Amino acid sequence: MSSQELVNLDEFEALAKTKLPKMAFDYFASGSEDEYSLRENRNAFSRIRLRPRILVDVSSVDASTTVLGFRISMPVMVAPTAMHKLAHPEGEVATARAISAADTIMILSSSSSCSMEEVAATGPGVRFFQLYVYKDRQITTQLVHRAEDAGYSAIVLTVDTPRLGRREADLKNKFKLPPHVSYKNVEGLLNVNNLEKTSDSELAAWADNLFDRSLNWKDVKWLQSITKLPVILKGILTVEDAILAVQAGAAGIMVSNHGARQLNYVPATISVLEEVVKAVGGQVPVFLDGGIRRGTDVFKALALGASGVFVGRPSVFGLAVDGEAGVRKVLQMFQNELEITMALMGVCSIKQICRNHVQTEHEHHTAINSKL
Ligand SMILES: Cc1cc2nc3c(=O)[nH]c(=O)nc-3n(C[C@H](O)[C@H](O)[C@H](O)COP(=O)(O)O)c2cc1C
Ligand SMILES: CC(C)CC(=O)C(=O)O
């Protein structure tokens, strides 16, 4: 079946499952431990209702928006996900082409299977570089400078991964990269031959051996001291940390629980978005990822104050199903669903989306109780 026949992301995921080896599919799809947060990332969206306005002239609907000064076709961007060659032989190069064709922003994972230079060489496109801080700060610094040289426009520092969450599927599968897939950005830089086998998952052992667990707020300043690029902090789930992030000079915040792959029992990202926006939204853009699968999800996040959203697994499943064409189709689906949602909500531009367009579960119950 071609990706052109698929009508939603659940179908992409189901088809990806039939195409990929179990070890790869499980790595992409799973969350940590018993996956409470993974289910919540989706379920929390279904608890938010929409309040459409009618009889608005929606003959022209424009979903375009601006992120960090870049004009893009829609407020849906692509989150960093590692190891795209596990999904398709062309890896991140194919993903990058599809994203620039869709005229939106890609965050390239520092753990990509094509190098950041190979991705940059695919042609023009707005790209940010996601950073994991390695114990070896010299190599970390090199990565940041290479990203600058290759034309990346921001550094996205992931702050929720001092260790890898317990992904039981990976442990059971004894996750291991096949010979044709490697951490391209650090190839020849990090000594990976003598890694201590701390876990049955090679990925967890990689993080255990190489990631800098001492990473703390002072390092955000350190990162700013080695780059002129704006620094976005990815993985914030509390108002307290959002305030610290702004104090530390973050140019933006990503409310994210890493696709529910790190700490289980953290809340769904959409359920903490509004309090973070209330605390710091006036100062920096607040983005969200986690469980976005529909145009209506995008709309809900924007109504609760997000400046844009990112999708992780959807682009990987698109890639697995049909390479570059699959990722293009996934992004087209988001654009199309968002535009239809906007029209049915009585909204012609992203700026018109406001808080009154959504009703949370709590508001729904308050409204019912007040009538009793
Ligand atoms: C397979 C996979 C690999 C990921 N790799 C990275 C990574 O290298 N760096 C990072 O900051 N986040 C990584 N993430 C987290 C994503 O950036 C993002 O937060 C998450 O996927 C969003 O949730 P969603 O998949 O429900 O859209 C990864 C997520 C997945 C599913
Ligand atoms: C290489 C890994 C640390 C990538 C990652 O963040 C993930 O699998 O969630």
Side-chain angles (χ1 to χ4, degrees), residues 9-10 12-13 16 20 23-32 35 37-45 76-87 91-92 95 106-113 116 128-134 143 155-167 169-170 175 177 181-186 190 192 199 201-211 232-237 254-263 266 268-270 287-294 297-298 301 309-320 330 334:
L9 286 166
D10 286 346
F12 267 94
E13 177 163 354
L20 292 176
M23 188 183 290
F25 178 80
D26 285 355
Y27 165 64
F28 291 135
S30 63
S32 56
E35 301 188 332
S37 299
L38 187 65
R39 290 187 294 279
E40 268 298 285
N41 270 0
R42 287 295 305 130
N43 291 341
F45 276 108
V76 181
M77 299 162 276
V78 178
T81 48
M83 298 299 158
H84 288 193
K85 283 193 179 172
L86 288 179
E92 289 82 1
T95 315
M106 171 185 202
I107 307 181
L108 179 73
S109 167
S110 56
S111 306
S112 53
S113 52
M116 61 177 115
F128 302 164
F129 182 73
Q130 177 267 330
L131 184 71
Y132 281 126
V133 173
Y134 293 101
L143 288 174
I155 301 293
V156 177
L157 177 67
T158 299
V159 291
D160 59 13
T161 311
R163 300 186 64 176
L164 218 61
R166 280 192 81 255
R167 299 148 188 197
D170 293 349
F175 180 90
L177 289 177
V181 184
S182 65
Y183 299 88
K184 264 287 183 232
N185 288 315
V186 292
L190 285 171
V192 293
S199 167
S201 159
E202 202 182 65
L203 203 73
W206 168 271
D208 282 343
N209 278 269
L210 301 170
F211 287 7
I232 296 172
L233 297 192
K234 171 176 184 283
I236 286 180
L237 289 171
M254 277 176 77
V255 172
S256 170
N257 58 22
H258 209 114
R261 296 157 73 78
Q262 288 298 101
L263 184 62
V266 293
T269 51
I270 191 67
F287 304 105
L288 172 125
D289 75 17
I292 299 265
R293 300 292 180 269
R294 290 284 185 185
D297 299 335
V298 180
V309 302
F310 289 84
V311 297
R313 293 179 184 86
S315 60
V316 177
F317 292 140
L319 186 67
V330 163
F334 274 115

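As the structure is a prediction and not an experimental result, all values here were calculated from the model. Read the numbers this way: they start at 1 and go in the same order the structure lists the ligands and their atoms. Atom set for the values below is all heavy atoms of this structure, side chains included, hydrogens, waters and symmetry mates excluded.
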- Message: Taking only non-hydrogen atoms of Leu203, do any sit less than 4.0 angstrom from ligand 2?
- Response: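 Within the 4.0 Å threshold, so yes.
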- Message: Taking a cutoff of less than 4.0 Å between a non-hydrogen atom of the residue and any ligand atom, is Arg167 in contact with ligand 2?
- Response: yes
- Item | Contacting atoms of ligand 1, where contact means under 4.0 angstrom from a heavy atom of Ala79 |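 Here the atoms of ligand 1 in question are 17 (O), 18 (C).
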- Which of the ligand 1 atoms, numbered from 1, are nearer than 4.0 Å to a heavy atom of Ser109: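 Counting atoms of ligand 1 from 1, those under 4.0 Å from Ser109 are 7 (C), 8 (O).
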- Message: So for ligand 1, is Ala82 a polar contact partner (N or O within less than 3.5 Å, distance only)?
- Response: yes
- Judging by distance only, is a nitrogen or oxygen of Thr158 under 3.5 angstrom from one on ligand 1?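 So ligand 1 has an N or O lying under 3.5 Å from an N or O of Thr158.
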- Taking the minimum heavy-atom distance to atom 28 (C) of ligand 1, which of Gly235, Pro80, Gly31 ranks first?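 Looking at heavy atoms only, Pro80 sits closest to atom 28 (C) of ligand 1.
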- Side chain, backbone, both or neither: which part of Thr81 has a heavy atom under 4.0 Å from ligand 1? both
- Message: Which residue and atom name correspond to the protein heavy atom nearest atom 3 (C) of ligand 2, and how close is it?
- Response: Leu164 CD1, 3.6 Å
- Query: Can you tell me which residue and heavy atom of the protein come closest to atom 1 (C) of ligand 2, and the distance to 0.1 Å?
  - Reply: Ser111 OG, 3.4 Å
- Hey, is Tyr132 touching ligand 2 through its side chain, its backbone, both or neither, going by heavy atoms under 4.0 Å?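 For Tyr132, the contact with ligand 2 is made by the side chain alone.
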- Please work out whether any backbone atom (N, CA, C, O) or any side-chain heavy atom from C-beta onward of His258 is under 4.0 Å from ligand 2, and answer side chain, backbone, both or neither.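 His258 to ligand 2: side-chain contact only, backbone stays beyond 4.0 Å.
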- Message: For Arg293, state whether at least one heavy atom is located under 4.0 Å from any atom of ligand 1.
- Response: yes
- Query: Does ligand 1 have an atom under 4.0 Å from some heavy atom of Ile292?
  - Reply: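 Under 4.0 Å: no for Ile292.
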